[in-house]
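Naming convention: chains lettered A, B, ... in sequence-line order (proteins, then strands); numbering from 1 in each chain. Note that these values count all heavy atoms, side chains included, but never hydrogens, waters or copies made by symmetry.
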Number of protein chains: 2
Amino acid sequence: MIMKPDSMLKDFFLGFIKIHILYHASKEPIYGAEIQKELRRHGYQISPGTIYPTLHRLKKDGYLEQQSRVVSGKVRNYYTITERGRDALDKSRNKIQELVTEVLEDGR
Amino acid sequence: MIMKPDSMLKDFFLGFIKIHILYHASKEPIYGAEIQKELRRHGYQISPGTIYPTLHRLKKDGYLEQQSRVVSGKVRNYYTITERGRDALDKSRNKIQELVTEVLEDGR
DNA sequence: TAACCGATATCGGTTAATGATATCGCAAAC
DNA sequence: GTTTGCGATATCATTAACCGATATCGGTTA
């Protein structure tokens, strides 16, 4: 029996996904399956049914732009952050800092 | 026309609520309406339909314990963190630190 | 004992995550 | 040039969660 990650952390993680994606897309072009792997390294199994609609949404909202590229015979949709996305990321950073700092600040 | 907070931050906030609540309940006894005000100070209007079920859930899961108290003629359900809740909070802290630090670390 | 009121509880409607499945499109094989 | 393989992407029905409007609770006071 596999112990699922704490639901609290799962919730946190889901709420954090868009920001996490924007961050990586600000570093280098990313694609769906890669993001999924990256999230797994953090211990969270996020469904493709979540990843892809999220990417589409971020593109539709103008935060990401898409370039299709062929890699070893497969089509990949790479996403890069836009200027608008960068602004949103910066704004989110500040707010997250404010929200999280307090909670993280001290142990028991 | 009131500009709603960015949906990305809203998502983050919703995912963060349980942890935020646990944190405050680790400092002092809290109650629903107070939490709602506290969250508003951060710029987010969270519905009672979210707050109260969340508190019930945290209690049911053993993270909070409840004491009903009468204040100026009104019944209030105060919640305090349990030992189990403290453990969950500490665990969450570590994980959040790991997840957030990277994203916050640098500007553009 | 009736009316008040802050706080809490609840309900139907709506939106979002899920993960299993189907599809896409290029390339290598024959 | 047609077929097959495959990683990546798209989609769909189901399930769960937030929403906010509304109802209810239960001491207190007059």
Rounded distance (Å) that lies between atom [atom2] of [N] and atom [atom1] of [X]:
X: B:Ile35; N: C:dA7; atom1: CD1; atom2: P; answer: 13 Å
X: B:Tyr44; N: D:dC19; atom1: OH; atom2: C1'; answer: 17 Å
X: B:Arg76; N: C:dA9; atom1: CZ; atom2: P; answer: 14 Å
X: B:Arg40; N: D:dC19; atom1: CZ; atom2: C1'; answer: 15 Å
X: A:Gln36; N: D:dG7; atom1: CD; atom2: C1'; answer: 12 Å
X: B:Phe16; N: D:dA17; atom1: CZ; atom2: P; answer: 20 Å
X: B:Leu55; N: C:dA7; atom1: CG; atom2: P; answer: 14 Å
X: A:Lys59; N: D:dA10; atom1: NZ; atom2: C1'; answer: 13 Å

Within the structure provided, determine whether [X] and [Y] are in side-chain contact (heavy-atom separation under 4.5 Å).
X: B:His20; Y: B:Ile35; result: no
X: B:Arg57; Y: B:Tyr52; result: no
X: A:Ile96; Y: B:Phe12; result: yes
X: A:Arg93; Y: A:Tyr23; result: yes

Quick one: is [X] getting a side-chain N or O under 4.0 Å of the [N] phosphate, OP1 or OP2?
X: A:Lys74; N: C:dT23; answer: no
X: A:Asn77; N: D:dA10; answer: yes
X: A:Lys10; N: C:dT18; answer: yes
X: A:Ser47; N: C:dA17; answer: no
X: B:Tyr52; N: C:dA7; answer: no

Q: Check every strand shown and say whether B:Gly49 touches a base, only sugar-phosphate, or nothing at a heavy-atom separation below 4.0 Å.
A: base

Q: Identify whether any heavy atom of B:Ile51 sits under 4.0 Å from a base atom; if not, whether one sits that close to sugar-phosphate; answer base, sugar-phosphate or nothing.
A: nothing

What nucleotide among [options] has an atom nearest to a side-chain atom of [X]?
X: B:Tyr79; options: D:dC6, D:dT9, C:dA9; answer: C:dA9
X: A:Ala33; options: D:dA8, C:dA9, D:dC18; answer: D:dA8
X: B:Pro53; options: D:dT9, C:dT10, D:dC18; answer: C:dT10
X: B:Val75; options: D:dG27, D:dA21, D:dC18; answer: D:dG27
X: A:Ile46; options: C:dA7, C:dT18, D:dC6; answer: C:dT18
X: A:Arg57; options: C:dG25, C:dT18, C:dA16; answer: C:dA16
X: B:Thr50; options: D:dC19, D:dT9, C:dA7; answer: D:dC19
X: A:Lys37; options: D:dA8, D:dC18, C:dT10; answer: D:dA8
X: A:Val70; options: C:dG6, C:dT10, C:dA27; answer: C:dA27

Q: Using the six-membered ring wherever Trp is involved, compare the ring planes of A:Tyr44 and A:Phe13 and label them parallel, tilted or perpendicular (cut-offs 30° and 60°).
A: parallel

Q.
Both A:His56 and A:Gly73 contact DNA chain D. Which one's nearest nucleotide lies toward the 5' end?
A. A:Gly73

Q: Assign each of A:Lys18 and A:Pro48 to its nearest nucleotide of DNA chain C by heavy atoms, then name whichever residue's nucleotide is nearer the 5' end.
A: A:Lys18

Q.
Given 3.5 Å as the limit, does a donor-acceptor pair link the side chain of B:Glu65 with the main chain of B:Tyr79, or not?
A. no

Q) In Watson-Crick or G-U wobble terms, both distances under 3.5 Å, what is the partner of D:dT3? A) C:dA28

Q: Give the C-alpha distance, both sets of side-chain angles, the deciding distance and a yes or no for side chain to side chain donor-acceptor pair (under 3.5 Å) between B:Glu28 and B:His24.
A: CA-CA 6 Å; B:Glu28 63 206 344; B:His24 281 290; 5.2 Å; no

